[in-house]
Amino acid sequence: MSRKNINIGLFGFGCVGYGLYEVLQKTPGLKANILQICVKDKNKERPIGNEHFTFDKNEILNNENINTIVELIDDADAAFEIVKTALKNGKAVVTANKKMIAEHFEELLELQKQYKVPLLYEASACASIPIIRNLEEYYDNDLLESLEGIVNGSTNYILSRTAKDNVSYAAALKDAQEKGYAESNPILDTGGFDAKYKLLILLAHAFGIVLKPDDIYNIGIDKIGDLELNYAKEKGYKLKLVAHAFKTGKHKVSAFVAPRFVKPNDKLFNVDDVYNGVVLETAFTEHQFFVGKGAGAYPTASAVLSDISALSYDYQYEYKKMEANKRLQFNNEFSVNVLLKYPVESLTKIKLYFNHINELYQNNTEGYLIGALDFSHLKKLNSIEGVSIIIESVEQNPLKKLEININQIFELNEIN
Ligand SMILES: NC(=O)c1ccc[n+]([C@@H]2O[C@H](COP(=O)([O-])OP(=O)(O)OC[C@H]3O[C@@H](n4cnc5c(N)ncnc54)[C@H](OP(=O)(O)O)[C@@H]3O)[C@@H](O)[C@H]2O)c1
């Protein structure tokens, strides 16, 4: 099969955009050229000549010599307008923008169908790990039971530092910001939203399910304090922000993002710093484990490059599982074992949500308990001031509620 020439209109020349420019210089076998680059700031100094740049998106979007738009900007709303117009104009699109894709997934599917042009986005989830194309092409949906991953590099860096270097959460976050791994307003990462957007994209290719961001509940790492960090250390666990999707029945899939205690025998235990890792569980292979850098100029640009290369062979996602899996439904009917930290005045309210409480430790101001509850209660509990939740494990079947009498439960006056 002969390769098509790819004439690129590039949007964004920041970390990933410039990374792609450099990576393309080093891959001459690929017949791909950047014809024009659109950026925003007219006063910024650029590492290459001004003749390459425009500030008018339409110059690129209406350029008939350009057959492919590579969208690498940091503004999801502007990105959607660019991608929409590009597809309408019959241009193939490559993007790394998970927020934009997650917020407009259905509309983007429709646009691809209507205008018969491909949209590829391997870099949008786990950067250098080729997980989307593997899910799309290799895994027959019936065989895939679960997908569990560390999909956000900045939170993993922060949590790794707290574990390895004994620093507080606040100090680790500051360090991540200084190194450029976390934004000055880091809530997209630390609140678990970025991981949720990626999980939404992975769900579409793993199980053929299309959701809206609000359908997937995300708990971030932003409420974690010394108590949880010390608990993890004492038990020999690591704290990780984990995105998890799994079958809860023949035609049911559940998914969520939350901080987890990860044990040493878990494949994700050694996925540290800005690395990402994904564990797939299938009927016949048991576990398969993908690991690689989840951020950074070259690792992300390498996934963008792979999409550009795929376009040169006219590759497009077929979304086969969406057709095959029409009966698959999304639900949150499962229970979880958690460690929950609470202010003492909230205990009476909190215990009502639990099916079991196994241990409880409390001093005059705060306490923590370990117990099991239906996942559907987590949202309400997490919204209580001062509450922080870490998942210990998932029980795929809902549990029966037992009579809970806090006086029967082991109490301590001091928290370590
Ligand atoms: N960085 C990573 O490791 C990584 C990993 C995976 C995915 N991604 C995704 O890749 C995308 C780019 O991230 P990045 O880290 O490269 O961002 P970045 O370093 O902040 O660069 C953003 C670029 O977008 C340009 N831009 C912003 N708004 C624009 C507009 N309306 N029109 C034209 N250009 C515009 C900026 O122009 P100026 O230069 O004029 O300011 C800048 O060149 C994002 O969607 C991000 O989520 C990044």
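Whatever order the structure lists ligands and atoms in, that order sets their numbers, starting from 1. Keep in mind it's a predicted model, so treat the numbers as computed, not measured. Values reported hereafter were calculated over all heavy atoms of this structure, with side chains retained and with hydrogens, waters and symmetry mates removed.
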Quiz item: Within a strict 4.5 Å, meaning less than it, do heavy atoms of the Asn134 and Ile132 side chains meet?
Solution: no
Practice problem: Return each pair, listed once, that meets ring-ring contact (aromatic ring centres under 6.0 Å, His included) where at least one residue sits in residues 33-78; pairs must be two or more places apart or across chains. | Solution: Phe13-Phe53
Quiz item: Arg3: what forms a side-chain hydrogen bond (donor to acceptor under 3.5 Å, both in side chains) with it, not counting sequence neighbours?
Solution: Ser309, Ser312, Tyr313
Exercise. Could you list the residues that satisfy side-chain hydrogen bond (donor to acceptor under 3.5 Å, both in side chains) with Lys267, not counting sequence neighbours?
Key: none
Exercise. For this output row, return yes or no: ring centroids of Phe334 and Phe256 closer than 6.0 angstrom.
Key: yes
Quiz item: Using a 4.0 angstrom limit on heavy atoms, which residues are close to ligand 1?
Solution: Gly12, Phe13, Gly14, Cys15, Val16, Cys38, Val39, Lys40, Asp41, Lys44, Arg46, Leu72, Ile73, Asp74, Ala78, Ala96, Asn97, Lys98, Ala123, Ala295, Gly296, Thr300
Exercise. Using the ring pair (Phe, Tyr, Trp, His ring centres under 6.0 Å) rule, take His251 and Phe330 through it: C-alpha gap first, then chi angles, then the decisive distance, then the call.
Key: CA-CA 9 Å; His251 300 299; Phe330 184 70; over 10 Å; no
